[in-house]
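Presented below is the structure to which this report refers.
In what follows, chains are A, B, ... by sequence order, proteins preceding strands, each numbered from 1. Just so it is clear, the model here is predicted, and its values are computed rather than measured.
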Amino acid sequence: MPSHISVSKISNYVGQDVILKGWVYNRTDKGKLVFLLVRDGSGFIQCVAFKGDLTPELFETVSKLPQESSVIITGSVREDKRAPGIPGGYEVGIKDLQVVQAAGLDYPMALKDHGVDFALDNRHLWIRMQSQWAILRVRVRVMSAVREYLDGQGFFNLDTPILTPAAAEGTSTLFETEYFDEGSAFLAQTGQLYNEANIFAFGKVYCYGPTFRAEKSKTRRHLTEFWMLEPEIAFCDLDGLMDIEEGLITHIAQSVLKDCAAELKFLGRDISKLESVVGPFPRMSYDDAAKYLIELYEKETDPERKELLKFEWGMDFGAPHEVEITKLHDRPVFVYGYPSAVKAFYMEPWPDRPEVCKSVDLLAPEGYGEICGGSERMSDPDKLRARIQKEGLPEEAFKWYLELRKYGSVPHAGFGMGTERVTAWMCGIEHIREAIPFPRTIKRIYP
RNA sequence: UCCUGGCUAGCUCAAUCGGCGGAGCGAGCGGCUGUUAACAGCUCGGUUGUAGGUUCAAAUCCUACGCCAGGAGCCA
């Protein structure tokens, strides 16, 4: 009696009879042959029905099977270079086929390109397609690589609350909801403040969960709900933070290369771009980056590009600026020491240069830009209180946060990494909305 | 919020200067023992985003509105 196997393990069963359980992804027939491309969640494999091998009734059923029908197939595995699929190169000669359900004939997703609006309206079906399946498999590997790396480095995964009482960085970008008799609660846009509490109990921690931003951003790099990794480390300075980011990103890229080769191949990803993602990454000061950008701006002759590249010291980088900086290297680049004015209130000022803070962004190459943002945190209670007052933030809401600095304060640092941005970069795709199963954007909350 | 672009068959797109709305995919019926989003044949499929306007004549020009996308700002 053959056993049920998964398509991803097909190469172990050449010459044997097996059972596959899955869905008909595509069907094409050629006279006495019917080719079914069957997906089972773990991969895509071609199954071939030959008229002479089956009863007339069964062959008729197979040759009429609608796309997306659920089936249980018994057949023999063989190697065949012609066979398409992921991983591909293997096929199953059908000996028996049971239709679990014949799908409706009006399945809307064609095996070709769709417009963005239509594809997103049908996201619940779109995720079945090879491209989306491949991207989301890479996402899963990115997330497992994150946990592998940090757990291996002695970090503790302590997740932080999603319902929070107040803003860390201003209320205008927060989603608000009612909270019984306590007034308003807000969906967390960062777990950092709670991470900071956790390090004083556990040393090195991270949270990894959904985070919410009510920013009215409409770009290929923004979602209103995305999964952010936030490590936070006690007794860690800015250089130590960059070391951790470097190790993490290297591990992610190398894990994806090793374990998602078939997915990357299907997506047409240029593997060499990921192979070079190995630390150490270049570390550039904001001052040097600014100097370079100003030179570029002054040299630019095309008026339209010149307007885009407009830059002076003190500004935060726009997307065109990030692209120019990342063009200098074939791997991610750190930019550190941003002006305090463009960064959050809790970042540690640079010694003897209060206008600059100990912040660092990690910019990915090929135009992907910022994938991590972090800093050394302000550890002095008096300086932090002064900064909270200056920002006009409600001091009573930060009472507990200030107390962290009162009882055994230490230099500490942390960063946030956007899972979808990293996944999109690994996959080489245009828009991060395809790097999450059900994207939430400013204009979309269905399905 | 601002700038730019788009809206034609279930889907992806054509339609020349304002002059009879087409094709591919899909669905239906045939054909073919190696297809790779098969191919070749026939059939089905339309209130051109909505409301007005100009004109002998509007998918096409004008006005308003709606929806979507890309970008800016902001950020992971």
Who pairs with A:W133 by ring-ring contact (aromatic ring centres under 6.0 Å, His included), at least two apart in sequence or on another chain? A:F44
Restricting both atoms to N or O, compile the protein contacts to nucleotides 29-32 of chain B shorter than 3.5 Å, with distance only.
unit_1 : atom_1 : unit_2 : atom_2 : d
B:rC32 : N3     : A:G31  : N      : 3.2
B:rC32 : N4     : A:G31  : N      : 3.4

Just the rounded figure in Å: distance from P of B:rC74 to NE2 of A:H321. 11 Å
Scan residues 62-72 of chain A for pairs that pass salt bridge (Lys or Arg N to Asp or Glu O under 4.0 Å), counting only residues two or more places apart or in two chains. A:R39-A:E68, A:E60-A:K64, A:E68-A:R128
Give every donor-acceptor pair under 3.5 Å between a side-chain atom in residues 20-27 of chain A and any protein atom, sequence neighbours left out.
unit_1 : atom_1 : unit_2 : atom_2 : d
A:Y25  : OH     : A:Q130 : N      : 3.1
A:R27  : NE     : A:S63  : O      : 3.2
A:R27  : NH1    : A:L65  : O      : 2.4

With rounding to the closest Å, how many angstrom separate the C1' atoms on B:rC11 and B:rG26? 8 Å
For A:Y292, does the OH atom sit with more than 12 other heavy atoms under 6.0 Å from it, leaving out its own atoms? yes
Where each pair must be Watson-Crick or G-U wobble with both distances under 3.5 Å, what dot-bracket representation of RNA chain B is obtained, with crossing pairs in [ ] and other-strand partners as |? (((((((..((((.....[..))))((((.(.......).))))....(((((..]....))))))))))))....
Rounded to whole Å, CD1 of A:I442 lies from P of B:rC75 at a distance of 16 Å
If I pick the C1' atom on B:rG21 and the same atom on B:rU63, what distance separates them, to the nearest angstrom? 25 Å
Which part of the nucleic acid does A:H114 contact within heavy-atom distance under 4.0 Å: base, sugar-phosphate only, or nothing? sugar-phosphate
A:M143 CE to B:rA76 P, straight-line distance once rounded to whole Å: 18 Å
Pairwise 5' ranking along RNA chain B for A:L33 and A:F226, keeping only the more 5' one: A:L33
Kindly compute the distance separating CD1 (A:I135) from CZ (A:R269), expressed to the nearest 0.5 Å. 11.5 Å
Using atom P in both nucleotides, what's the gap between B:rU50 and B:rA9 to the nearest angstrom? 11 Å
Closest non-hydrogen atoms of A:L241 and A:F415, given as atom of the first, atom of the second and distance, are CD1-CD2, 3.7 Å
How far, in whole Å, is B:rG19 from B:rA59 if one measures between their P atoms? 10 Å
Round to a whole Å and report the spacing from CZ of A:R128 to C1' of B:rA37. 18 Å
Contacts of type side chain to side chain donor-acceptor pair (under 3.5 Å), residue A:N122, not counting sequence neighbours: none
For nucleotides 21-26 of chain B, which of its nitrogen or oxygen atoms have a protein nitrogen or oxygen under 3.5 Å away, and what is each distance?
unit_1 : atom_1 : unit_2 : atom_2 : d
B:rG24 : N2     : A:K112 : NZ     : 2.5

What are the two closest non-hydrogen atoms of A:G314 and A:P339, and how far apart are they? CA-CG, 3.7 Å
Contacts of A:R82 meeting salt bridge (Lys or Arg N to Asp or Glu O under 4.0 Å) (sequence neighbours excluded), chain-then-number -> A:D80
Please write out each protein N/O paired with an N/O of nucleotides 66-72 of chain B under 3.5 Å, distance rounded to 0.1 Å.
unit_1 : atom_1 : unit_2 : atom_2 : d
B:rG70 : OP1    : A:H431 : NE2    : 3.0
B:rG70 : OP1    : A:R433 : NH1    : 2.7
B:rG70 : OP1    : A:R433 : NH2    : 3.2
B:rG70 : O3'    : A:R220 : NH2    : 3.2
B:rG71 : OP1    : A:R220 : NE     : 2.0
B:rG71 : OP1    : A:R220 : NH2    : 2.6
B:rG71 : OP2    : A:R220 : N      : 2.7
B:rG71 : N7     : A:K218 : O      : 3.2

Base, sugar-phosphate or nothing for A:E91? Non-hydrogen atoms, less than 4.0 Å. base
A:E322 CD to B:rA76 P, in whole Å, measures 11 Å
Separation of A:L37 atom CG from B:rU35 atom C1', in whole Å? 11 Å
Looking for any heavy atom pair under 4.0 Å, which part of the strands does A:M228 touch: base, sugar-phosphate only, or nothing? sugar-phosphate
Would you mind telling me which residue lines up with the more 5' stretch of RNA chain B, A:G115 or A:Q46, judged by nearest nucleotide? A:G115
Sole candidate of A:T423, A:L136, A:L223 that passes side-chain contact (heavy atoms from CB on, under 4.5 Å) when paired with A:I436: A:L223
With syn defined as a glycosidic angle within 90° of 0 and anti as the rest, where does B:rC17 land? syn
For B:rU48 and B:rU8, measure between their C1' atoms and round to the nearest Å. 4 Å
Using atom C1' in both nucleotides, what's the gap between B:rU55 and B:rG46 to the nearest angstrom? 24 Å
May I have the distance from A:K81 (atom NZ) to B:rU35 (atom C1'), rounded to whole angstrom? 18 Å
Check residues 319-333 of chain A and write down every donor-acceptor pair under 3.5 Å in which the side-chain atom is one partner and the other belongs to a residue at least two apart or another chain.
unit_1 : atom_1 : unit_2 : atom_2 : d
A:H321 : ND1    : A:G318 : N      : 2.9
A:H321 : NE2    : A:L309 : O      : 3.3
A:H321 : NE2    : A:K310 : O      : 3.0
A:E322 : OE1    : A:R221 : NH2    : 3.4
A:E322 : OE1    : A:E370 : N      : 3.2
A:E324 : OE2    : A:R305 : NH2    : 3.0
A:E324 : OE2    : A:K327 : NZ     : 3.2
A:T326 : OG1    : A:E322 : O      : 3.2
A:T326 : OG1    : A:V323 : O      : 2.9
A:R331 : NH1    : A:V278 : O      : 2.9

Parallel, tilted or perpendicular: which one describes the rings of A:F311 and A:Y286, with boundaries at 30° and 60°? tilted
With heavy atoms under 4.0 Å as the rule, sort A:D316 into base, sugar-phosphate or nothing. sugar-phosphate
If we require ring centres under 5.5 Å and near-parallel planes under 30°, does A:F35 stack on B:rG34? no
Check ion pair A:R283-A:D288 (N to O, under 4.0 angstrom): no
Flag yes if more than 12 heavy atoms outside A:K306 fall under 6.0 Å of its NZ atom; otherwise flag no. yes
Sequence-distant partners of A:D287, salt bridge (Lys or Arg N to Asp or Glu O under 4.0 Å), two or more places apart: A:R353
Considering only the P atoms, how many Å lie between B:rC62 and B:rU16, rounded to the nearest integer? 15 Å
Nearest-angstrom distance, C1' atom, B:rG70 to B:rA15: 26 Å
How would you label the contact of A:L229 with the nucleic acid (heavy atoms, under 4.0 Å): base, sugar-phosphate, or nothing? nothing
So, is B:rG30 syn or anti if syn means the angle is within 90° of 0? syn
Please state how far atom CZ in A:R82 lies from atom P in B:rU35, giving the value in whole angstrom units. 7 Å
Test ring-ring contact (aromatic ring centres under 6.0 Å, His included) applied to A:H222 - qualifying residues, sequence neighbours left out: none
